[in-house]
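Written below as structure tokens is the structure these notes are about.
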Amino acid sequence: MIVAKFGGTSLADGARFRHVAEIIRADPNRRYVVVSAPGKRCDSDIKVTDLLYRFQQSGNQADFAPIEARFREIVEDLGISLDLSQDFAEMKQLPHNADYLASCGEYLSARIMAAFLDWPFVDAEECVFFDEQGNLDEVKTRHALFEKLRRLPHAVLPGYYGVMPDGQIHTFSRGGSDISGALVASAMDAQVYENWTDVDGMLVTDPRIVPQAAPLRAITYKELRELAYRGATVLHEDSVLPVRRSGIPIHILNTFRPQAPGSWIVPRGEKPDGPITGIAGRKNYTAIQIERENTNSMVGYVRRILSCLEHWNVPFEHLATGLGSVCLVVPTDAMEDCREQLKEDITLAVHPDSILMEDHLAMIAVVGRGMTGRPGVCARLFSALGGSGISVRVIDQGAGEMNVIVGVAEPDFEPAIRAIHREFFE
Ligand code: ASP
């Protein structure tokens with residue numbers, strides 16, 4: 001059994017609804033479908049969710065007109081007899097809470113798709129639950145989804161929203177229909193969670209840096225986490241957790257090229273041909289360099305430094321130590337309000353000979369389960385960087401051998417990613 005989620009671009013107009021319905025019908029295992037609100041039809045278009053937020057903010061009835069027109073057009077184009085006048089009348093009746101209005105795009109999308117497929121519509125309001133603080137109540141949600149859906153051979157559900165204990169509609173953060181889809185897949189113990197979008201899958205690296213970056217075939221959840229943490233994006237981050245926990249693979253597919261193989265995100269992957277699965281990175285890190293003679297015999301030296309970071313709530317991401325030197329890599333933003341105090345505290349705590357904060361560092365993660373036990377990967381990586389005249393400022397590799405992190409100066413960030421891509425993928 002497959003749970004399929006379709007993104008907004010896949011549902012931008014009547015023709016695309018029809019195309020999505022064809023995809024759904026092409027495999028009888030696709031039994032539960034989660035939809036987003038209609039997205040952009042072309043680059044200059046506005047997503048329905050954005051139109052809804054605009055209407056909420058302006059309170060101007062004229063701003064509801066394009067929303068109503070979008071949905072009326074889709075219904076007409078599909079040739080279904082679905083009267084949404086009542087719904088439009090209620091939506092137009094301001095004031096509403098912002099989340100309620102934002103949820104209307106998904107609600108209407110799902111009503112239309114259900115009518116077109118002649119499948120039951122199941123409202124997320126009845127089976128996706130948040131607590132008073134607005135956090136997802138996953139246990140209650142899974143139970144409710146299962147109880148509702150197990151009696152139905154098919155269903156269409158709206159993504160993006162659920163309900164609070166007081167009955168108010170509440171939405172996930174933007175792009176949250178991915179989470180709704182993952183919750184349905186996990187509650188129904190699907191064999192696959194299909195996530196239909198407008199790209200061929202997850203690319204090996206950022207196409208803005210390497211335009212020819214190819215989609216990757218299979219990536220494990222562990223690898224995905226490493227890459228996502230370093231800035232790779234395709235799915236909403238929180239959407240991975242429910243399916244990952246249930247051991248369900250995610251298949252990312254392109255609605256506009258359904259024959260393309262797409263990308264698989266799997267609990268465990270076979271050993272791939274190449275050592276590297278993907279490359280991702282982020283800028284805006286600071287290296288804190290602390291020097292002091294003879295620290296190798298001082299027990300507790302690093303702990304005292306780390307306590308200062310903890311005190312100022314600064315997370316550190318990498319730590320390299322040598323005889324007499326400690327280098328910590330931290331996100332620059334995290335020190336925005338406490339840079340000088342942190343420096344002072346470290347000075348008081350360990351009396352260093354010098355302490356230097358160097359900004360404008362970029363950290364790049366080179367990730368691949370195929371690296372494990374394969375000699376020579378680092379040699380290739382560093383000669384690729386050296387050959388491009390890039391100086392490596394920080395190196396980090398754990399014994400897990402699945403991830404090598406290199407820190408370079410920010411201006412070297414894009415050239416470094418291009419050099420690594422050339423070495424391993426071209
Ligand atoms: N429609 C919502 C958004 O634009 C949620 C989604 O599409 O996943 O963010």
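Quick caveat: nothing in here was measured; it's all calculated off a predicted structure. For ligands, and for the atoms within them, numbers begin at 1 and follow the listed sequence.
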Side-chain donor-acceptor pair under 3.5 Å between Asp178 and Ser239, yes or no?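 Result is no, nothing qualifies.
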For [X], the ligand 1 atoms whose distance to one of its heavy atoms is below 4.0 Å:
| X | value |
| --- | --- |
| Glu106 | 1 (N), 2 (C), 5 (C), 6 (C), 7 (O) |
| Ser177 | 5 (C), 6 (C), 7 (O), 8 (O) |
| Arg174 | 3 (C), 4 (O), 9 (O) |
| Ser36 | 6 (C), 7 (O), 8 (O) |

Would you call Arg245 and Glu138 a salt bridge, taking side-chain N to carboxylate O under 4.0 Å as the test?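 Answer for the salt bridge query: yes.
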Do the charged groups of Asp131 and Lys140 touch, with an N to O distance under 4.0 Å?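 No salt bridge links Asp131 with Lys140.
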Any N/O pair Thr49/ligand 1 closer than 3.5 Å: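 Yes, there is a polar N/O contact under 3.5 Å.
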Can you confirm, on distance only, whether ligand 1 has an N/O atom lying under 3.5 Å from any N/O atom belonging to Tyr160?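 Between Tyr160 and ligand 1 (N or O atoms, distance only) the closest approach is not under 3.5 Å.
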So does Ile23 get a backbone contact from the side chain of Arg30, meaning a donor-acceptor N/O pair under 3.5 Å?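 At least one qualifying donor-acceptor pair exists.
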Of all the heavy atoms in Gly176, does at least one lie under 4.0 Å from an atom in ligand 1?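 True for this residue.
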Non-hydrogen atoms of Gly175 versus ligand 1: any pair closer than 4.0 Å?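 Yes.
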Is the distance between the ring centroids of Phe121 and Tyr107 under 6.0 Å?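 Yes.
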Roughly how far, to the nearest 0.5 Å, is the CZ atom of Phe146 from the SG atom of Cys127?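 If I round to the nearest 0.5 Å, the distance is 13.5 Å.
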